[in-house]
Amino acid sequence: MIDLRELREHPDVVRASQRARGADESLVDSLLSADADRRAAVSRADELRAEQKAFGRTVGKAPKEERPALLERGKELAAEVKAAAAAETAANEALTAAHKAIPNLIIDGVPAGGEDDFVTLKTVGEPRQFDFQPLDHLELGEKLGAIDMERGAKVSGARFYFLRGVGARLQLALLNLAIGKALAHGFTPMVPPVLVKPETMEGTGFLGEHAAEVYHLGDDDLYLVGTSEVPLAGYHAGEIIDLNDGPIRYAGWSSCFRREAGSYGKDTRGIIRVHQFDKVEMFVYARPEDAAAQHEQLLAFEEDMLQAMEIPYRVIDVAAGDLGTSAARKFDCEAWVPTQNAYRELTSTSNCTTFQARRLGIRYRDENGKPQVAATLNGTLATTRWLVAILENHQQEDGSVVVPQALQPLLGTDVLLPKQ
RNA sequence: GGUAGCGUGUCCGAGCGGCCUAAGGAGCACGCCUCGAAAGCGUGUGAGCGUGCAAGCGUUCCGUGGGUUCAAAUCCCACCGCUACCGCCA
């Protein structure tokens, strides 16, 4: 949720943000009037409650014979207070609805427009020229005995898979490397719950436009997380955290679950787009003034991992209309996938400024000891999808795959060989 | 899953219908005392919302949500959590 004080003082900034996102500008005026309505309702209810309270005290002190008359007036007051309280509740609900309808304010410099209006910030490495016909990751994975989609489908359905043998080991090595690097950067490793309560899922903003993406267990009213961002953001919900020693940073390792509703027919081959995958995710709580610098750092850590995998990639500044509700800015790293002749997203880091923390009630004390809303950020350090880029970019003509140097100690080999 | 007990401020803990604007203690902060410290003494010590330039004022918050009442931390109902015991279980 955006800052209402900011909205009252600079509604034009909010309008401009909406415009850049291609979102509805009139929502800004709806929110302004809902805000004014609520404040009027609060004032009225407060006044009536004060009157009732004072009156109630006089009843308590009054001599018995005067009470019946006073009780009469008391009942009237009670009815008025009840009505005013109901009006206040309604005004609050209307405000919340209008408030949730507006996505985060974009940061200056974010490109306007939709999915295709991103700006490429840099390109690192050269796409490799093959002197043979490269295989796609699934063919390679099958030759290596690393990926089994058919049995994944047999056991669980479409978009499920087994990683086996060197495939399973490759993923474990990759995620371990990510955790090791995170640890070296001062992150606290976390293995979070992957089932969360409605209020946690709601608070992180995933039940808005992405509601159809989320698995829900009806019998228990719990949600399967699509990223450990959800439990890691919920971790400090409702708390006043201590940021005096700098940002609080976690690296979560979890399985992630996505329904992939609406993506029928897209990326149906292999493990690019699946219902379940594993991920190491960075999550940062920071003072708002430190958020932009933290964002740059998260991006740098992602690039460091990609470089360790020796994969060509580019970094894009995602356009406003493609940011999602909570993000004020988002950088994606896209790795070169040879058989698709395209860059595909491997990491995504978002600066959510105070938007997510406001909804979750995450605050810190400023230098005056006053509680202030914190900023939150997140970024990907490694996922199952990385295997696609690793396998394809490092394949050799005989179907073997060279292991990136950084993973060799973890795998105990410098090359993965096809099964005979 | 069942039964019982319990959920109060940073923490401990009293309170069991109106004087709760929440006792008392601990902790913390500041001041006095001291060469310095401890002890002692004094003062202060939450969050949200509204209003105001501000000091302040008003209101809400005693696990959560409903209800009873002129009036609820206090009574009633439901839910959640914790603890103990019983049952079941990888």
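Between A/Glu47 atom CD and B/rU60 atom C1' there is a gap of 15 Å when expressed in whole angstrom units. Taking atom NZ of A/Lys53 as the reference point, atom P of B/rC57 lies 14 Å away to the nearest angstrom. To the nearest angstrom, C1' of B/rG48 lies 13 Å from CZ of A/Arg365. Atom CZ of A/Arg49 and atom P of B/rC61 are 8 Å apart (whole Å). Nucleotide B/rU69 holds its P atom 16 Å from the CZ atom of A/Phe55, rounded to whole Å. Between the CZ atom of A/Arg358 and the C1' atom of B/rG48 there is a distance of 14 Å, rounded to whole Å.
Side-chain contact between A/Arg344 and A/Val388 is absent, with no heavy-atom pair separated by less than 4.5 Å. Using a 4.5 Å cut-off on side-chain heavy atoms (C-beta onward), A/Phe162 and A/Val155 make contact. Using a 4.5 Å cut-off on side-chain heavy atoms (C-beta onward), A/His137 and A/Ile272 make contact.
In secondary-structure terms, RNA chain B builds stems of at least 3 consecutive Watson-Crick or G-U pairs, each pair having both distances under 3.5 Å, at B:1-7 with B:80-86, B:10-12 with B:24-26, B:27-32 with B:40-45, B:46-51 with B:56-61, B:63-67 with B:75-79.
Taking A/Glu51 as the reference, A/Leu48, A/Arg73, A/Leu77 meet the side chain to side chain contact (heavy atoms under 4.5 Å, CB included) condition, with sequence neighbours excluded. Listed by chain and residue number, A/Arg358 satisfy the side chain to side chain donor-acceptor pair (under 3.5 Å) test with A/Thr354 (two or more places apart in sequence, or in another chain). When the salt bridge (Lys or Arg N to Asp or Glu O under 4.0 Å) test is applied to A/Arg259, no partner is found at least two apart in sequence or on another chain. Checked against salt bridge (Lys or Arg N to Asp or Glu O under 4.0 Å), A/Lys370 has no partners two or more places apart in sequence or in another chain.
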Sub-3.5 Å pairs of nitrogen or oxygen atoms, protein against nucleotides 71-81 of chain B:
none

Collect all protein-nucleotide pairs involving nucleotides 10-12 of chain B in which both atoms are nitrogen or oxygen and the distance is under 3.5 Å.
none

Tabulated below should be each protein N or O lying under 3.5 Å from an N or O of nucleotides 49-54 of chain B; please produce it.
unit_1, atom_1, unit_2, atom_2, d
B/rC49, O3', A/Arg38, NH2, 2.7
B/rC49, O2', A/Arg38, NH1, 3.4
B/rG50, OP1, A/Arg8, NH2, 3.3
B/rG50, OP1, A/Arg38, NH2, 3.1
B/rG50, O2', A/Ser43, OG, 2.9
B/rU51, OP1, A/Arg39, NH1, 3.3

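Nucleotides B/rA26 and B/rG9 have their C1' atoms positioned 13 Å apart, rounded to a whole Å. Taking atom P in both B/rG13 and B/rG67, one finds a spacing of 32 Å when rounded to whole Å. The same atom, C1', is picked in B/rC57 and in B/rC62; the two are 24 Å apart, to the nearest Å. Taking atom P in both B/rA22 and B/rC77, the straight-line distance is 29 Å, to the nearest Å. On the C1' atoms, B/rG15 is 37 Å away from B/rC33, given to the nearest whole Å. Here the separation of B/rU59 from B/rU69, taken at their P atoms, is 23 Å to the nearest Å. Taking atom C1' on both B/rC53 and B/rG48, the two are 23 Å apart, rounded to the nearest angstrom. Going from the C1' atom of B/rG66 to that of B/rU45 covers 35 Å, rounded to whole Å.
Residue pairs satisfying the salt bridge (charged side-chain N to carboxylate O under 4.0 Å, His left out) criterion with at least one member in residues 289-301 of chain A, sequence neighbours excluded, are listed as follows: A/Arg287-A/Glu289. Screening residues 236-254 of chain A for salt bridge (charged side-chain N to carboxylate O under 4.0 Å, His left out) gives no qualifying pairs among residues at least two apart or on separate chains.
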Which atom pairs, one a donor and one an acceptor, fall under 3.5 Å between side chains of residues 176-191 of chain A and the rest of the protein, sequence neighbours left out?
unit_1, atom_1, unit_2, atom_2, d
A/Asn176, ND2, A/Leu172, O, 3.1
A/Lys181, NZ, A/Asp304, OD2, 3.0
A/His185, ND1, A/Lys181, O, 3.0

Show which side-chain atoms of residues 7-16 of chain A pair as donor or acceptor with protein atoms under 3.5 Å away, not counting sequence neighbours.
unit_1, atom_1, unit_2, atom_2, d
A/Arg8, NE, A/Asp35, OD2, 2.6
A/Arg8, NH2, A/Asp35, OD1, 3.2
A/Arg8, NH2, A/Asp35, OD2, 3.4
A/Asp12, OD1, A/Arg15, NH1, 2.7
A/Arg15, NH2, A/Asp29, OD1, 2.8

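A/Leu77 comes within contact range of no nucleotide atom at all, as no heavy-atom separation falls under 4.0 Å. Heavy atoms of A/Arg44 sit nowhere under 4.0 angstrom from any nucleic acid atom.
Rounded to the nearest 0.5 angstrom, A/Thr383 OG1 and A/Leu174 CG are separated by 7.5 Å. In this structure, the separation between CH2 on A/Trp386 and CZ on A/Phe277 is 13.0 Å, given to the nearest 0.5 Å. A/Leu31 CG to A/Ile102 CD1: the interatomic distance, rounded to the nearest 0.5 Å, is 4.5 Å.
In terms of position on RNA chain B, the residue among A/Arg363 and A/Lys75 whose nearest nucleotide sits closer to the 5' end is A/Arg363.
Around atom CD of A/Gln307, more than 12 heavy atoms belonging to other residues, nucleotides or ligands sit under 6.0 Å away.
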